[in-house]
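Inspection log for the structure reproduced underneath, given as C-alpha cells.
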Amino acid sequence: MAFSEVAPFAKTGGLADVGGALPLALGNLGCQVRIVMPFYNRFVEELAEADPVVENVPVVFGSQVIDTDIYRGQLNDSIEVYFIRRDEFFDRTYLYGTPKGDYFDNFQRFTYFCKAALSVCSAVQFQPDIVHCHDWQSGLIPAYLKHLVAAEDLLAGTASMFTIHNIAYQGQFAANLFPQTGLPDSFFSVDGMEFWGGINFMKAAIVCADVITTVSPRYSEEIQTKEYGHKLEGVLQMHQRKLHGIINGANYEEWNPENDPYIAANYSRENLEGKHMCKLDLLRTVKLPERLMNRPLLGVVSRLADQKGLNLLAAVMDKFVAYDLGLVILGVGEDKYHTLLTALAERYPEKVAVRLEFDERLAHKIEAGADMFLMPSQYEPCGLNQMYSLRYGTVPIVRATGGLYDTITPFNSTKGKGVGFRFTDYKPESFWETAKTALDLFSQTETWRQIMKNGMATDFSWLSSAEQYLKLYEKTVAEKAAESRQQAADSTQSATEGGIGKQKAKDRRKRGKA
Ligand code: ADP
Ligand code: GLC
C-alpha cells in the first residue's frame, strides 16, 4: 500500500486513520501487507528505526538519478512500514502545505515518492500481487506499473488498485512538468493524464489502475456527477465498470469510550454515567462556563477546508447561540477559516470555544464530552468522525452526502429507530431546521437516550470493509494474471505466425469475450 499519511506516523485527516487501520484488518484476514510512505522528518523520526534498512537506492527522476534511503517502522508486530527519506522533499513543517497554500514543489515531492515507492519493492525484495494506492499523492504509481515496468521486472504482472478518498484534491500541475514524470509522451493525451491543458495525477490513476474504489457507495455515485465530480465525472463514467464504493471502518481500538485513555471517565452503552464527567471535563478544558452542563453541548473536529461546511456553520451561528448552547470547535486548515472561527469565539466567549490546533487528546474529549457532533459538509467522501461519535453516544447532525448519507440513518420518533439527524439542501435554513429538531428533542431525556443508544449499538468495524477489499484484490489479481497469460500467448503466436497470427489471436479473444 502506498499512502502519503498513516496514523500514528503522520496525520492530517481521515486518510491517515485508514492507513493505520485497513492494513491491520487485512493482516487479520491473512494478507501480507507492507506500507510505503514518505519520511516526514518532523513526525516520523521518533517512530522509525534509527538506521536505514537499505541505503542509496537509485531512483530515476526526470533526467537525474536521486538516491533514497529507506527507513523502517512497524504498524504492529507483523506489518512493516517503509519510509522514503529524502530530506529536501519531506523535511517540512507540514505534510502538503502551510495554511497559506500548497508547497510549491508538490509535483516534485510526490512524483519522487511514487517513483521511489516502486523501487522499495526490489530494494527489500518484496513482490506484491497488487499495489494499492491512495489519493493523488500516489496517483502516478498505477501509471508507472502500466507504462514503465519491463517484462523481466519484479513488478511485471503486478496489479494496481487506486482508492479515491477525496476527489477535490487531484494533484494538478503545469504541462511543462510532464517530462519529469518519465512517462511516455503519448501519455500526455486526453486518454492519459492530460487535463485541461495541464497534468493531473488522479486522472493518471483513474485511467491506469486495474480497479478503482472510493470510500462510500454513495460517493461512488456522486463523483460521476457534475456537482461532485470536480471535472473528473466524465472520466469516471468512462471507467465506471472498474469503480466500486467500499465504506471505511472505524478503528474501535482507538475510538471506544469503554477504554479511551484520553477521556475523564470511561462509559458504555449499558452504563452512560461517565459521559456526564466527560462533558464537565470538556467544558473545563476549553474554559466554557459550567452552567452549560444543563444545555446542549455541540462539538466539531475538522480539517478547516471548504468541503466541511464551515460557512454554513457561521451562517447559523446567531441562531445556535440564541438557543443557548455550548459549541466547541477543534480544527486546523486554511487561514480564512482561522480568521472566521477566531471572530466567532471572540463574539461569543461564553458559548463558543475554538481551538486552532491539531490535538488528538482534545479530539477524543470532544467526541466523549459533547452531546451532538456537527458535520454540515458540502461533500464528504466517507467521514470518520460521525462513526466515532455514534460509538461515544454523541448524536451526529450531518448533511446527507457521501458517507454521511450512508452511515447516519435519521431518527424516526414513531419507530424509535435511527441514530442521528441529517439535512439535504446545502443551505443555512435546512441546517438550522434539522439542528433545531435535534435540539428540541434533547430535553426529552428518554427519547434522547434512545437515540444515543441506537448509535452506540452500530458497528462499523473494519472487518467487513476489509473483506470487501480482499474480494476485489483477488478478482483483480486473477484478471491481471489471465491478461498476462493472454499477452504472453499472443506474443508467442505472433512470433510463430507473424502479423496474421496476431490478428487471429485478437479475433479469437473477441469471440471469447462475446
Ligand atoms: P477528513 O479526512 O476529510 O479530514 P474524516 O472525518 O474522515 O475527515 O477524518 C478526520 C480525522 O482527523 C478524524 O480522526 C479526526 O478526529 C481527525 N482530526 C481532524 N482535525 C483534527 C484536529 N484539529 N485535531 C485532532 N484530530 C483531528
Ligand atoms: C478524505 C475524506 C473523508 C474520508 C477520508 C478517509 O479525507 O475527506 O471523508 O473519511 O478521506 O477515507
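Treat the numbers as computed from the prediction; the structure is a model and nothing was measured. In each ligand, atom 1 is the first atom listed, and ligand 1 is the first ligand listed.
Ligand 1 has no N or O atom lying under 3.5 Å from any N or O atom of Met375, backbone or side chain. At least one N/O-N/O distance between Cys382 and ligand 2 falls below 3.5 Å. Note: an N/O pair closer than 3.5 Å links Lys11 and ligand 1 by distance alone. Close N/O approach between Asp359 and ligand 1 is found [any backbone or side-chain N/O within under 3.5 Å].
Looking at Lys203, its side chain never comes within 3.5 Å of a backbone N or O of Leu232 through a donor-acceptor pair.
Within the 4.0 Å heavy-atom shell around ligand 1 one does not find Gln386. Using a non-hydrogen distance threshold of 4.0 Å, Arg355 does not register as a contact of ligand 1. Under a 4.0 Å heavy-atom criterion, Gly403 is not in contact with ligand 2.
With a heavy-atom cut-off of 4.0 Å, Leu15 touches ligand 2 through its backbone alone. With a 4.0 Å heavy-atom cut-off, ligand 2 is reached by the side chain of Asn248 but not by its N, CA, C or O. Contact annotation for Asp17 and ligand 1: only side-chain heavy atoms (C-beta onward) come within less than 4.0 Å of the ligand.
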**OP:** Quick one: do Tyr469 and Trp462 satisfy ring-ring contact (aromatic ring centres under 6.0 Å, His included)? Show the steps, please.
**Re:** CA-CA 10 Å; Tyr469 277 111; Trp462 267 104; 7.1 Å; no

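Taking the six-membered ring wherever Trp is involved, the centroid distance between the rings of Phe39 and Tyr71 falls below 6.0 Å. Here the two rings, on His230 and Tyr379, have centers that are under 6.0 Å apart.
Against a heavy-atom cut-off of under 4.0 Å, Tyr388 is close to the following atoms of ligand 1: 14 (O). Heavy-atom proximity to Gln307, at under 4.0 Å, picks out these atoms of ligand 2: 8 (O). For ligand 1 and Gly331, the ligand atoms under 4.0 Å from any heavy atom of the residue are 23 (N). Every atom of ligand 1 is numbered from 1 in the order shown, and the set under 4.0 Å from a heavy atom of Gly383 is 6 (O), 7 (O). Annotation for ligand 1: atoms under 4.0 Å from non-hydrogen atoms of Arg303 are 1 (P), 3 (O), 4 (O), 20 (N). Here is the list of ligand 1 atoms found below 4.0 Å of a heavy atom in Ser302: 20 (N). Taking every heavy atom of Gln307 and a limit of under 4.0 angstrom, the matching atoms of ligand 1 come to 3 (O). The atoms of ligand 2 that sit less than 4.0 Å from any heavy atom of Gly383 are 3 (C), 4 (C), 9 (O), 10 (O). Residue contact check: Lys308 has heavy atoms under 4.0 Å from atoms 1 (P), 3 (O), 4 (O), 8 (O) of ligand 1. Per-residue contacts place Glu380 under 4.0 angstrom from the following atoms of ligand 1 (heavy atoms of the residue considered): 3 (O).
Taking the ring centre of Tyr392 as origin, the terminal cationic atom of Lys275 falls outside the region bounded by 6.0 Å and 45° from the ring axis. Remark: Arg422 qualifies as a cation-pi partner of Tyr405 under the 6.0 Å distance and 45° angle criteria applied to the six-membered ring.
Checked by atom type, the side-chain pair His132/Thr163 shows a donor-acceptor distance below 3.5 Å.
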